[in-house]
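Whatever order the structure lists ligands and atoms in, that order sets their numbers, starting from 1.
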Amino acid sequence: MSDTPAEQWGIYVHIPYCVRKCAYCDFVSSAASAAAVGEMADYAAALRAEILREAPPLRTRWGDAATLYLGGGTPTALPPPLLTEILRTLIDAAGMPQECSVEANPGTVDAAYLRQLRAAGATRLSIGVQSFDDRLLRSIGRIHTAQEARAAVRAARTAGFANISLDLMYGLPTQTLDDLKNSVGAALALAPEHISVYGLIVEEGTPFAAAAAAGRLVLPDEDAAEEMYDYLMETLPAHGYARYEISNFARAGHESRHNLGYWQSVPYLGVGAAAHGCIDGVRWGNEPDAQRYIRAVRMGQPVRRPEDPDRTETSAMEEYAFLALRTAAGIDAADFRRRFGMDAAAVYGAVIARYERQGLLRCADGRIALTPAGMKIGNEIFAAFLCDG
Ligand code: SF4
């Protein structure tokens, strides 16, 4: 892949702590116990050291980072002074970004905490609500109630956040379409700028996987889950939230710039345990264990593990294509040609023609994008782009 100058770059920071693990979650995070509070301070110090080591050279090369994103885990499981110190270090090292997102969980933030985050430079808050039904929230192991979720959104507004995203889930155990409608209604009533929706996936190694294996997990059947999906895809755009990526909806101008960067193959630095990064077409994942990560940073040892060492021009092209196809804008043919020196339409001619005929893909205005029907079976189409590329 040619070394194209980056118009922008971003930084992802991983905070691997949560108050308690949710029953469906396989993200790299551990429940924060009293004993972990000391570890959190060590972790924050290691993070700041990694940021100060890695971000300045990229700033020298490309200018200020366009986006910063603190995710997890639950960043707001950290005591406020630790999280605000990380934010300040980031902005000192990488410059003032156009967007600085922090993931937060209701039940971990109040107005005072959010005011401090805003003062430290956070501009966007992504709140993990998942549902406004207390029974469902309990059943999936969330630590908060619907009322606490509403309170978190109000506190964020009071603290000055003008850009708020809410996460919702569907296909939860025993969830009905009416349950989902109630949650969507409650979310819309809070008028967030952005909404992400995720269907439950039972991931290996989670309490939900064990419950499913024991026949104790009652999930909506396929038809019910499809009805929920169709309802979301119709309702959110009807309320002014355009679908700009398979799972993401936003009011005009409030798309997540950072996440769009991932799908548009913008370079990003990943810092922290288990964080992933991709710079100059080289992907890596950091040491996933928080304690080992802290020790390695302290001793000045490398924390990165290369991913995909057998990467080829073809696999880079495939990755670019399937990431871009997740977005409503799709593959930008001119950008593809600039990066790879080839026409996407020539590389993927057969697969494009097949899905275009079926109404699942469209080529127009220099872009190749999935139609709404195509997005519904996105994984199947992405696989075709991998195999036929
Ligand atoms: S709060 Fe988020 S990261 Fe933490 S356990 Fe729950 S789903 Fe996973």
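For an aromatic pair to be called close, the ring centres must be under 6.0 Å apart, and H14 with Y293 fails this.
In this structure, atom 7 (S) of ligand 1 lies nearest to the protein heavy atom Y24 OH, 3.4 Å. What sits closest to atom 1 (S) of ligand 1 on the protein, heavy atoms only, is N105 ND2, 3.1 Å. Nearest protein neighbour of atom 2 (Fe) of ligand 1, counting heavy atoms only, is R142 NH1, 4.0 Å. Counting protein heavy atoms only, atom 4 (Fe) of ligand 1 is closest to C18 SG, 2.2 Å.
Judged by the shortest distance from any of its heavy atoms, E103 lies outside the 4.0 Å radius around the atoms of ligand 1. Using a 4.0 Å cutoff on heavy atoms, G73 counts as a contact of ligand 1.
Numbered from 1 in the order shown, with element, the atoms of ligand 1 that lie under 4.0 Å from a heavy atom of T74 read 1 (S), 4 (Fe).
What you find for A146 and L137 is that their closest heavy atoms are N-CD1, 3.6 Å. Closest heavy-atom contact between C363 and I368: SG-CG1, 4.0 Å.
Under 3.5 Å, the side chains of Y320 and Q264 contain no donor-acceptor pair of N or O atoms. A donor and an acceptor atom, one from each side chain of Y198 and Q130, are nowhere located under 3.5 Å apart.
Two residues are said to be in side-chain contact when any heavy atoms from C-beta on lie closer than 4.5 Å; L87 and V13 fail this criterion.
When V102, I86, L82 are each tested for a side chain to side chain contact (heavy atoms under 4.5 Å, CB included) with I15, only one passes: I86.
The distance from atom 4 (Fe) of ligand 1 to the nearest N/O/S atom of C22 is not under 2.8 Å.
Among C25, G141, G71, the residue whose heavy atom lies closest to atom 8 (Fe) of ligand 1 is C25.
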